[in-house]
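Here the structure is laid out as structure tokens; the discussion comes afterwards.
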Amino acid sequence: MTYLKKIFKSIAYTFLVLLVSLCIYTFVVTDIMKKDYVNVFGYTYFVVKTGSMSGTLEVDDIIIVKLSKDANLNDIITYVNDDGEIITHRLVRKASGKLIAQGDVNNAEDNPITNDQLIGVVKLAISPSFILKLVATFLILFISQTLRLSLSIL
């Protein structure tokens, strides 16, 4: 039992340290250094703010984006538009060295962008409900393990 407890504790502490480190790193890069996004081993993350990609990406989904200046047709890309806004839409066309994207539920294409405006390609979307289920599962396991250890001491 003690061995399992140590392993469980180590995993929990490691996860907590990584999560706190990511939060601190994100704060330093975005709030102090005033960058638009962080670079974590070639990836970054954003939260979806609009329903323009509804059906594929939903509002409040967390997207993991591989930083890249190369994208293929039908990739979901994240880029900075001419107004400085960060947009995530599907790449629908390439024309004259420009990239043209469009939200899945939008009727019109976005203004063309250059490769320099491209942040990267979406590789993973995580819904808030998945995160809540993961946290709930972790808490249930932690509480049951704690109760089990407490009862074995009595």
Side-chain angles (χ1 to χ4, degrees), residues 1-72 74-91 99 101-106 110 113-154:
M1 289 292 179
T2 312
Y3 183 69
L4 284 175
K5 183 179 175 184
K6 285 180 182 179
I7 290 174
F8 185 71
K9 244 182 170 178
S10 295
I11 291 170
Y13 284 135
T14 301
F15 180 74
L16 186 61
V17 166
L18 288 172
L19 189 60
V20 169
S21 298
L22 181 62
C23 290
I24 291 169
Y25 177 65
T26 299
F27 171 75
V28 169
V29 170
T30 58
D31 290 347
I32 295 173
M33 297 173 64
K34 303 293 184 200
K35 303 270 184 182
D36 290 332
Y37 55 90
V38 297
N39 180 346
V40 182
F41 304 114
Y43 290 84
T44 191
Y45 58 94
F46 298 99
V47 176
V48 176
K49 295 295 182 191
T50 70
S52 64
M53 291 293 294
S54 188
T56 305
L57 302 174
E58 303 301 334
V59 174
D60 293 332
D61 280 358
I62 297 168
I63 55 171
I64 308 299
V65 178
K66 181 169 179 32
L67 301 175
S68 174
K69 295 298 180 190
D70 185 38
N72 298 314
N74 290 320
D75 281 348
I76 299 173
I77 62 172
T78 300
Y79 64 92
V80 180
N81 71 7
D82 294 333
D83 297 329
E85 298 171 312
I86 295 176
I87 308 290
T88 299
H89 283 164
R90 189 174 306 279
L91 180 60
L99 305 174
Q102 181 177 344
D104 284 357
V105 297
N106 292 356
D110 302 344
I113 61 164
T114 65
N115 273 7
D116 290 339
Q117 291 172 279
L118 184 63
I119 294 173
V121 178
V122 174
K123 293 297 182 183
L124 178 67
I126 305 168
S127 73
S129 64
F130 173 79
I131 293 171
L132 288 175
K133 288 176 188 173
L134 188 64
V135 168
T137 302
F138 179 76
L139 286 174
I140 290 168
L141 288 173
F142 180 76
I143 290 168
S144 64
Q145 185 68 17
T146 304
L147 285 173
R148 191 169 157 206
L149 291 171
S150 297
L151 293 175
S152 69
I153 292 172
L154 298 174

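- Legend: residues meeting side chain to side chain donor-acceptor pair (under 3.5 Å) with D61, ordered by chain and number and at least two apart, are absent.
- Heavy atoms only, all atoms of each residue included: H89 and S52 are closest at NE2-OG, 2.8 Å.
- With sequence neighbours left out, the salt bridge (charged side-chain N to carboxylate O under 4.0 Å, His left out) criterion links D104 to R90.
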With a 3.5 Å cut-off and sequence neighbours excluded, list the donor-acceptor pairs that the side chains of residues 42-49 form with protein atoms.
from, atom 1, to, atom 2, distance (Å)
T44, OG1, V38, N, 3.4
T44, OG1, V38, O, 2.7
Y45, OH, T26, OG1, 2.4

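- Using a 3.5 Å distance cut-off with no hydrogens or angles, the side chains of Q102 and N106 do not pair a donor with an acceptor.
- The side chain to side chain contact (heavy atoms under 4.5 Å, CB included) check on I7 picks up Y3, I11, with sequence neighbours excluded.
- With sequence neighbours excluded, the residues forming a side chain to side chain donor-acceptor pair (under 3.5 Å) with S127 are S129, listed by chain and number.
- Residues meeting the side chain to side chain contact (heavy atoms under 4.5 Å, CB included) test with L18, sequence neighbours left out: T14.
- For the side chain to side chain contact (heavy atoms under 4.5 Å, CB included) test, residues two or more places apart in sequence or in another chain that qualify with D116 are T114.
- Scored by the side chain to side chain donor-acceptor pair (under 3.5 Å) test, N72 finds no partners at all (sequence neighbours excluded).
- For S68, there are no side chain to side chain donor-acceptor pair (under 3.5 Å) partners, not counting sequence neighbours.
- The only option from T50, I77, T56, I76 that meets the side-chain contact (heavy atoms from CB on, under 4.5 Å) definition with T88 turns out to be I76.
- Residues in residues 32-41 take part in no side-chain hydrogen bond (donor to acceptor under 3.5 Å, both in side chains) pair, two or more places apart or across chains.
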